[in-house]
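Encoded as C-alpha cells, the structure appears first; notes follow it.
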Amino acid sequence: MGSLKILGVRIDKVDFEGAVSRVLSFLETDGAKSVFTPNSEIIYRAKDDEEFKNVLNSSELNTADGIGVVYASRILKSPVACRVAGYDLACRLLPVMNERKLKLFLFGGKEGVALKAKEEILKKYPDIDICGVENGYFTDDTHIINHINEKEPHFVFVCLGAPKQENWIHKNKERLNAKVLMGIGGSLDVFAGTAKRAPEFFIKLNIEWLYRLIKNPSRIGRMMALPKFGIAVIKSKRGNKNA
Ligand code: UDP
C-alpha cells in the first residue's frame with residue numbers, strides 16, 4: 001500500500017477494496033488500530049498544528065475523504081485511486097460484520113442518534129452484534145471507555161466530528177479493548193436518518209460539498225478552508241520543486 005503526504009498529512013493510496021481488506025486485517029492483530037478519513041478541511045487544519053498532524057499520522061489507515069484531497073493528490077503527481085469517504089467505507093464494512101456476526105459499538109452524535117442508528121442498521125444487517133451505544137456529548141468519558149472495554153467490540157464508530165474524534169481515538173487507543181477505531185464524523189446521523197447524504201447526482205458530479213452548503217449555509221466558514229487548502233497544496237508543490 002503506497003501513500004503520499006499532503007501538507008504533511010499521510011494519505012494512504014487505497015480504493016474501497018483495499019481499504020476494506022486492510023481494515024479487516026486489523027482484526028487479526030493485537031491491540032486497537034485507528035482509521036481516519038481526512039478531508040481537505042482536516043488537512044488544512046493540521047497544516048500549522050504539529051500536534052494534530054502527528055495525531056493524524058499516527059493512524060494505521062488514512063483514506064482520502066473528499067474530492068479536494070483527490071485533486072490535491074493529482075496536483076502532487078501522486079494520485080490516489082479514488083475518494084474513500086468514512087460513511088461509504090462504513091457501509092462497505094457492514095455486510096462483512098453481518099456475515100461474520102461481529103461486534104460493533106456506536107459512539108457519537110446527539111442523545112438518541114446512536115440508538116436510532118443502531119435500529120436502522122439492524123433492519124438491514126440483523127446479525128451484526130451492536131453491543132453498545134453512547135452519545136457524543138460528555139464531560140467525563142470514563143464511563144464510555146469502561147463501557148467499550150466491557151463489550152470488547154471489533155469495531156467502534158467514533159463520530160464526534162474532527163478534530164475531536166481523531167484526538168479522542170489517539171488519546172485512548174492504548175487503553176481500549178477494541179480492534180478498529182474509526183473516526184467517521186457525521187455518519188451516525190446519516191445511518192439514523194437525522195441527516196441525509198447528498199443525492200446520487202451531487203455525489204457523482206463531486207459536488208456533495210455544494211449540497212451540504214445549500215442544506216446548511218452556516219458551513220460557509222468551514223468551506224472557506226477548501227480554496228485555502230488548494231492554494232497551500234500548490235504552494236507546497238512549488239516549495240518542493242525549489243527545495
Ligand atoms: N458531535 C458529537 N460530540 C461533539 C461534537 C459533535 O458527538 O462534541 C457529533 C455531531 O452531533 C455530529 C458529528 O459529531 O453527529 C459531526 O458531524 P459533522 O457533520 O460536523 O462531521 P463531518 O462529517 O463533517 O466531519
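Start at 1 and go down the list; that is how both ligands and their atoms are numbered.
With a 6.0 Å cutoff to the six-membered ring centre and a 45° limit on the axis angle, Lys173 does not count as a cation-pi contact of Phe36.
Using 4.0 Å as the threshold, Arg212 has a heavy atom nearer than that to some atom of ligand 1. Proximity of Glu134 to ligand 1 is not established, as no heavy-atom distance is less than 4.0 Å. Asp189 counts as a contact of ligand 1, since one of its heavy atoms falls under 4.0 Å from the ligand.
Every atom of ligand 1 with a heavy atom of Gly108 under 4.0 Å away is listed here by number and element: 7 (O).
Any N or O atom pair closer than 3.5 Å counts here, and Gly186 shares at least one such pair with ligand 1.
Ranked by closest heavy atom to atom 1 (N) of ligand 1, the top entry among Tyr87, Tyr137, Trp168 is Tyr137.
Residue-level proximity to ligand 1 for Arg219 is carried by the side chain, the only part with a heavy atom below 4.0 angstrom. When non-hydrogen atoms are compared, ligand 1 lies under 4.0 Å from the side chain of Lys164 (C-beta onward) but not from its backbone. The part of Cys159 lying near ligand 1 is the backbone, judged by heavy-atom distances below 4.0 Å.
Using a distance-only test at 3.5 Å, with no hydrogens or angles considered, a donor-acceptor pair links the side chain of Asn149 to the main chain of Arg175.
By the 30° and 60° cut-offs, the orientation of the rings of Trp168 relative to Phe107 is perpendicular.
In this structure, atom 25 (O) of ligand 1 lies nearest to the protein heavy atom Gly185 CA, 3.8 Å. Given atom 3 (N) of ligand 1, the protein heavy atom at minimum distance is Gly136 O, 2.7 Å. The protein heavy atom nearest to atom 5 (C) of ligand 1 is Leu160 O, 3.4 Å. Of the protein's heavy atoms, Gly109 N, 2.8 Å lies nearest to atom 7 (O) of ligand 1. Here the heavy atom of the protein found nearest to atom 24 (O) of ligand 1 is Arg222 NH2, 3.1 Å.
Proximity of Pro163 to Ile42: side-chain heavy atoms (C-beta onward) are nowhere separated by under 4.5 Å.
Ring to ring, Phe105 and His147 are close: their centroids are under 6.0 angstrom apart.
Interatomic distance, Leu106 CG to Ile128 CD1, rounded to the nearest 0.5 Å: 9.0 Å.
Remark: the Lys33 side chain and the Ser25 side chain contain no N/O donor-acceptor pair separated by less than 3.5 Å.
Heavy-atom contacts from other residues, nucleotides or ligands closer than 6.0 Å to CZ of Arg83 number more than 12. Other residues, nucleotides and ligands contribute only 12 or fewer heavy atoms inside 6.0 Å of the CD atom of Glu99.
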